[in-house]
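The structure appears right after this line, and notes come after that.
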Amino acid sequence: VAEQTESVQQKNLDGYVGFASLPNQVYRKSVKRGFEFTLMVVGESGLGKSTLINSLFLTDLYSAEYPGPSHRIKKTVEQSKVLIKEGGVQLLLTIVDTPGFGDAVDNSNCWQPIIDHIDSKFEDYLNSESRVNRRQMPDSRIHCCLYFIAPSGHGLKPLDIEFMKRLHEKVNVIPLIAKADTLTPEECQQFKKQIMREIQEHKIKIYEFPETDDEEENRLVKKIKDKLPLAVVGSNTIIEVNSKRVRGRQYPWGVAEVENSDHCDFTILRDMLIRTHMQDLKDVTNNVHYENYRSRKLAAVTYNGVDNNKAKGQLSTKSPLAQMEEERREHVAKMKKMEMEMEQVFEMKVKEKVQKLKDSEAELQRRHEQMKKNLEAQHKELEEKRRVFEEERANWETQQRLEQQKLEASRTLEKNKKKGKIF
Amino acid sequence: ISHGHGGSHSSSGGSTLLGYIGIDTIIEQMRKKTMKTGFDFNIMVVGPSGLGKSTLVNTLFKSQVSRKSAGWARDEKIPKTVEIKSVSHVIEEGGVKMKLTIVDTPGFGDQINNDNCWEPISKYINEQFEKFLKEEVNITRKKRIPDTRVHCCLYFIPPTGHCLRQLDVEFMRRLSHSVNIIPVIAKSDTMTIEERQEFKQRVRKELENNGIEFYPQKEFDDDMEDKSDNDKIRETMPFAVVGSDKEHQVNGKRVLGRKTAWGIIEVENPNHCEFAQLRDFLIRSHLQDLKEVTHNIHYETYRAKRLNDNGGLHPISSNDTQESNL
């Protein structure tokens, strides 16, 4: 019985099995399915974003009948889709444009709509991934963000630095120098060096070209890395130069050719974006940026929104049981707290009621006293009156008696007189 | 030309002279005087960094009057608020001395939040007016009041090719009444000739819609000749310029220009850019007019406002002169 070793052994085949055709099978399947790619372009208006998109994909995505975002009503984030076919392969290309970026006087938080848009695409994908029925999973996540730097020749602007710092962890950022025909070759070199220096200084993580095992490819990749950030010129007008028809821009002093690698880095960008690294961009988006978003989002959700800030810091390394324990404890604590609160409220209410009753009792008592006093006062008054009345009566009676006496006296006198007369 | 009777009396339509008097030598006398005293010229350059302001000024005055920020160390990078830096040089040409002052405004339009970034500039301009006013109002005036007022403001528009930015409109709207604004399109080698024409038209239209009067202002045209000259100039403004202080060989001649892989952009070639036109306009024909408009119109506006506001100036506390009674 052969021992099972841990390492995987390499075995030589005795005959032709046929799984070498696996890449072909994958290829055929993918071609049937078609590819999707979403590209975002960000930059101040007037930097030639729409022209560059047209040049890259050799179509008039934005033309006179369907003008680019710069000529339409301003929205913050705009999406346009186009289906391109070449050699039997279809590509559903989505371009996300950001008109109005950095154009206002006050540009604080102009990056917020863009961040929100990227997050919403991630969320859509997360939701569709978590569904029960996952038959159709459209991938509208942003695979690549081309950031256009104005060719000032000095360095990055504060807006550029802020934007890239906020987006380098959410999307693959590829910085480009726009309208590079403004710069002479020496100025361009200096500018590129300055930009790379600043990018490193601020620890911005732009898209990194992966190292491969292939020597040839590594050399190509190194050449590209030396030329970062790429200085591009866009144009779709065809001009005759030396009896050759090329795409370029016609100046009085010459023609700047778009596809001439001495003039600008457009060909490098196109090859890199479409011909060699498109799949890698998608993979990095899926494996790195999307996973970052997903773990952050899910960690926040399991904490039931109690303390999201805390949760964001820790990607959940706890086991679900421990989390449940925590939750239970928290719940119990919450219940206790609620109970205590209720008791407190109850006590308070009771006190209030008692106080109220006391108050009304006192009130009644007072009124009672008051009334009693009133009655006594009245009583006294009446007594007084009666006394006065009695006095008067007594007076009157005495007077009456006096009168009576007087009368009697006078009568007796008269009687006596009469009697006397008779005698 | 008036009717010539001999011995004409003074009428408002000029009288013929009987012989040569020599009044026209006054021009020569003025010229000699100006040459002796020299004159001041103050020019301000405004615009976000990286538009080639310093290079253009150096090219205009054919000397290193403005220190370029091309090789700057990162510590002295974009300042957090708008600063005003003024540098003076005395340059001489043909016996005429000029004290040229360049006022630079680093930090304008560079922040993320550019609200009110025009305020330091407005304050500076008013301060210069105030200084001049104080000197003028003094009891014992200096023989020649030093003139630090801003005669001309070159506003650099970035060559986006679309339209004016909100910041541009705001700035020009607020300052077109205190200083002569000359808008220029910077780094115009970015645009092809058609793009340039379209852009200029759009910019002019927007300026008109917003009621911004740039120099030469229509309302100050003195007579028909002025008006037709200025109209021609107004049609070509804003000038699309390219600046450079490096020389290259072109057809055996040494010219100022920028060398790219696809050609050499000659700064002084009118087919390539409008730098020559700007220079002629600014220096060779309208220099004196700029100063006059600043003195007669902008300064007088400021003065009238000041005097009306306070009902008389506050006591002047400079040079321990007595208070002036107005």
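Below, chain A is the first sequence line, B the second, and so on; all start at residue 1.
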Output for pair (B:Trp262 CH2, A:Arg249 CZ), nearest 0.5 Å, gives 9.5 Å

Self-check item: Evaluation steps, side chain to side chain contact (heavy atoms under 4.5 Å, CB included), between B:Phe171 and A:Val105
Solution: CA-CA 10 Å; B:Phe171 176 86; A:Val105 177; over 6 Å; no

Under 4.5 Å to a heavy atom of chain B? For A:Glu257 that would be neither

Requested in this report: Compare all side-chain heavy atoms of A:Leu47 with those of B:Thr160 and state whether any distance is below 4.5 angstrom.
Outcome: no

Tell me, yes or no, whether the heavy-atom count around A:Glu208 atom CD, taken from other residues, nucleotides or ligands under 6.0 Å, exceeds 12.
-> no

**Item:** Salt bridge B:Lys259-A:Glu186, side-chain N to carboxylate O under 4.0 Å
**Value:** no

Most contact-rich option vs chain B, by heavy-atom pairs under 4.5 angstrom, among A:Ala150, A:Ala256, A:Ser108, A:Ala178, is A:Ala256

Applying a strict 4.5 Å limit to non-hydrogen atoms, the region of A:Glu162 in contact with chain B is side chain

query = If you count the non-hydrogen atoms of other residues, nucleotides and ligands that lie under 6.0 Å from NZ in A:Lys225, is the total more than 12?
reply = yes

Closest non-hydrogen atoms of B:Thr190 and A:Lys179, given as atom of the first, atom of the second and distance, are CG2-CD, 3.3 Å

In short, A:Tyr251 meets B:Met191 closest at the heavy-atom pair CE2-O, 3.3 Å

Scanning both residues in full, the closest heavy-atom pair of A:Pro252 with B:Ile193 reads CG-CD1, 3.5 Å

When the 4.5 angstrom heavy-atom criterion is applied to A:Val255 and chain B, the contacting part is backbone

The interface call for B:Pro159 against chain A, heavy-atom contacts under 4.5 Å, is backbone

With chain B, the option among A:Gly254, A:Ser152, A:Gly48 that has the most non-hydrogen atom pairs under 4.5 Å is A:Ser152

Pair count under 4.5 Å, heavy atoms only, with chain A: among B:Thr192, B:Val242, B:Ile265, highest is B:Ile265

Comparing B:Asp189, B:Thr260, B:Leu167, B:Ile264 against chain A, the one with the most heavy-atom pairs below 4.5 Å turns out to be B:Asp189

CG (A:Leu159) and CD (B:Gln111) are apart, to the nearest 0.5 Å, by 11.0 Å

Here the side-chain hydrogen bond (donor to acceptor under 3.5 Å, both in side chains) pairs for residues 113-126 of chain B, sequence neighbours left out, are A:Asp106-B:Asn113

Comparing B:Arg258, B:Glu194, B:Gln166 against chain A, the one with the most heavy-atom pairs below 4.5 Å turns out to be B:Arg258

